[in-house]
Every structure is written in structure tokens, then in C-alpha cells.
There are 2 protein chains.
Amino acid sequence: MIISNNLKMYVQKLRSSNLRPTKQRLKICQFLFNREKTFHFTVETLNKKINKNKGMKVSLATIYNTVEAFTSAGYLKEILTSKNKSYYDTNTKSHHHFYDEGSKELTDIHYSQIKLSKVPTPPKGKKIKNLEVVIRIQK
Amino acid sequence: MIISNNLKMYVQKLRSSNLRPTKQRLKICQFLFNREKTFHFTVETLNKKINKNKGMKVSLATIYNTVEAFTSAGYLKEILTSKNKSYYDTNTKSHHHFYDEGSKELTDIHYSQIKLSKVPTPPKGKKIKNLEVVIRIQK
DNA sequence: TTTCTAGTTTAGAATTATTATAAACTATAG
DNA sequence: CTATAGTTTATAATAATTCTAAACTAGAAA
Ligand SMILES: [Mn+2]
Ligand SMILES: [Mn+2]
Ligand SMILES: [Zn+2]
Ligand SMILES: [Zn+2]
């Protein structure tokens with residue numbers, strides 16, 4: 001895969017969600033999606049990594065806006081683990097996580113690695129939106 | 001059960017955890033623990049309910065301090081559900097929850113109501129701290 | 001190509017949840 | 001009763017996030 005091809009791909013991807021392919025968004029796309037493995041992050045860590053090298057600076061407000069836009073568009077998934085801080089995941093498929101309370105890091109658990117053989121029915125009028133497990137681990 | 005007996009009980013309970021039985025703490029104990037069913041709350045809702053009636057006012061700082069002290073003492077459990085807001089539970093036994101994204105309310109699921117027939121081993125050097133499931137529900 | 005405009009970026013202000021500070025108050029040991 | 005460590009409280013500080021409004025820009029239309 002060649003970088004320029006990726007760029008074109010991201011332009012398509014953004015356009016298809018009615019998001020203009022700005023240089024900020026493309027930079028964030030390259031950073032987030034041009035990788036082999038799942039990436040888990042907070043806005044704070046993403047901001048640091050995006051603005052580490054001396055290229056064009058992306059403002060913190062734009063990082064927030066973009067993460068929100070990408071989540072709405074289905075390119076990112078929000079993972080609820082930690083109180084007071086939002087975590088995001090480039091793996092948008094349904095899957096589970098380990099959450100390390102020490103390092104505060106998430107690790108994927110493939111969906112098939114956890115089997116829920118008994119699940120309660122939700123209260124009437126309500127349906128299950130999501131059944132992903134977060135297993136808290138520590139030393 | 002008579003209120004005055006409860007009061008004595010809470011005095012014991014607090015003393016046994018090296019917490020002085022102040023009138024603020026006893027008021028919060030009465031409110032939280034003198035009830036049949038599990039109570040789920042945030043600091044915001046607890047503060048409102050404690051200070052609704054025209055009795056002695058308990059400051060927000062004390063609500064925070066007390067919830068923290070009771071959680072450390074094992075009288076309350078923190079439930080991680082919502083980003084950016086801490087939820088607490090008077091049911092300190094290991095159990096699961098429904099979390100309604102609309103009403104933002106928690107409902108207990110008894111531990112036996114969910115069966116995890118396959119659970120991955122944690123990364124080496126790490127152990128599972130907690131395996132409680134939060135099932136997100138919506139209309 | 002230039003023009004127009006809605007969408008976007010940005011710095012900074014505002015908001016929300018929580019924690020820290022430090023002075024006044026109080027439970028309780030002696 | 002007195003001393004003192006623990007507690008409460010108003011308020012300030014911090015952290016994460018959202019809001020605001022002005023400057024900027026992508027891309028449609030002229
Ligand atoms: Mn917070
Ligand atoms: Mn927050
Ligand atoms: Zn993941
Ligand atoms: Zn519960």
C-alpha cells in the first residue's frame with residue numbers, strides 16, 4: 001500500500017460521510033488508520049502524538065471535533081472504561097477488552113474469546129445496545 | 001427495625017472503620033443504608049436528595065469526602081458506566097448491571113443471571129480484579 | 001478562474017465533575 | 001474539662017470536555 005493511495009482512500013471515506021477532507025482530518029486519518037493493529041487512545045494521547053513532530057499543528061479543539069465526527073461516522077468506537085476520561089478504539093467491530101488499572105491501557109479480546117452462555121432479558125420496552133465486556137486487570 | 005437502633009448500628013459500623021460518627025455521616029448512612037433495595041447514585045443526585053428537606057445542610061465537599069470514605073471502607077462500590085461521571089452502589093456484592101443510556105440509570109442483575117462460560121486468561125503478571133458486566137440498554 | 005457560502009479550524013471562554021486547601025469546628029481520649 | 005486529631009466547609013484549583021465566535025477554506029456555482 002502506497003501512502004498516496006491511502007490518502008485518496010481517506011478522501012473517499014470522508015466524503016462518503018459528508019466530511020470535507022481537510023488537511024487536519026487527513027493527517028488524523030493517516031495517523032489513526034494507516035496501521036496494522038488496533039489503536040486505543042484518549043484525546044490527550046492522540047493530541048500529543050499528532051502534534052509531536054514539527055509538521056502542521058492541529059488544535060486541541062479540532063482533535064476533539066474530529067474524534068467526535070469520526071465516532072459518529074462509525075470510524076471510531078468509544079470504549080467506556082475509566083471514569084472521567086473517554087477512550088476510543090480504531091477497531092469498530094464488536095469485541096471485548098482487558099483494561100489495566102495500573103498502566104490505564106486497553107487490550108483487545110476477540111469477540112469469540114468470551115462466551116456468555118446466559119444473558120438476562122432486558123426490561124420490557126428496552127433492548128440491548130451493546131454487550132461488550134471490559135475485564136479489569138491489575139498486577 | 002427502629003430508627004434509634006439503626007443509628008447505634010451505624011455508629012458501630014463507622015467506628016469499626018475508624019470513621020468518627022459525625023452527624024453528617026450518620027445522616028448519609030440513614031439515607032443510603034436504611035432501605036430495602038439497592039440504591040444506585042451519583043454524587044450529584046445524592047447531594048440533592050440529602051439536602052432536599054430542610055434539616056441540617058451537608059456540604060458538597062462532605063458528600064464527596066463521605067462517599068470516598070464509605071467506598072474505601074467497603075460500604076459502597078463504584079460502578080464504571082458513564083464517561084465523565086462516577087456512579088456508586090449500596091450493593092457491594094459482586095453483581096452485574098443494566099445501564100439505561102436514556103434515563104442514565106443502573107439496575108442490578110444478580111451474579112447468577114449471567115454465565116460466562118469462556119473467559120480469556122489475563123496477560124502474564126496480571127490478574128483479573130473484577131469481572132462484572134454492564135449491559136447497555138436503550139429504547 | 002473568481003466568487004460565494006457552508007463547513008471547518010482555532011484560541012480562548014465556559015462548563016462540569018472532581019480534588020485540594022486551609023480555616024473553623026467537633027468527637028473523643030486522657 | 002482540655003487537648004488534639006479528625007472532620008466539615010467554603011472556596012480555589014484542576015482536569016476533561018464543550019461552547020463560542022471569529023478567521024479560514026473546500027468546493028459548488030457563476
Ligand atoms: Mn472530571
Ligand atoms: Mn468531564
Ligand atoms: Zn479494542
Ligand atoms: Zn448494583
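Naming convention: chains lettered A, B, ... in sequence-line order (proteins, then strands); numbering from 1 in each chain. Because the structure is a prediction, the values reported are computed rather than measured.
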May I ask you to evaluate whether A:R15 reaches the phosphate of D:dG27, defined as a side-chain N or O under 4.0 Å from OP1 or OP2? yes
Taking only the side-chain heavy atoms of A:K85 (C-beta and beyond), determine which of D:dA16, C:dA17, D:dG27 contains the nearest atom. D:dA16
Single hit among A:H95, A:H96, A:H97 for ring pair (Phe, Tyr, Trp, His ring centres under 6.0 Å) with A:Y111: A:H96
Protein-nucleotide distance (B:E78, atom CD; C:dA17, atom P), rounded to Å: 15 Å
So side chain to side chain donor-acceptor pair (under 3.5 Å) across residues 64-75 of chain B, not counting sequence neighbours, yields B:S17-B:Y75, B:E68-B:S72
Starting at atom CG of B:N84, determine the distance to atom P of C:dT19, rounded to an integer number of angstrom. 13 Å
Categorize B:S86 for me: base, sugar-phosphate, or nothing, with a 4.0 angstrom heavy-atom threshold over every strand shown. sugar-phosphate
Does any pair with a residue in residues 96-108 of chain A pass salt bridge (Lys or Arg N to Asp or Glu O under 4.0 Å), and if so which ones, sequence neighbours excluded? A:D100-B:K126, A:E101-A:R136, A:E101-B:K129
Any heavy-atom pair between the side chains of A:L26 and A:V11 that's under 4.5 Å? yes
For C:dT19, does either OP1 or OP2 sit under 4.0 Å from a side-chain N or O belonging to B:Y64? no
Can you label the angle between the A:F33 ring and the A:Y10 ring as parallel, tilted or perpendicular, going by 30° and 60°? tilted
What is the distance from CG of B:L7 to C1' of C:dA27, rounded to the nearest Å? 16 Å
Check the distance between C:dT16's P and B:K104's NZ and give it to me in whole angstrom. 14 Å
Rounded to whole Å, how long is the line connecting atom CG of B:N51 with atom P of D:dA10? 10 Å
Just by protein heavy atoms under 4.0 Å, how would nucleotides 5-15 of chain C read 5' to 3' in B, S and -? -BSSBBB----
Taking the side chain as every heavy atom from C-beta outward, state whether B:I28 and B:V67 have any atom pair closer than 4.5 Å. no
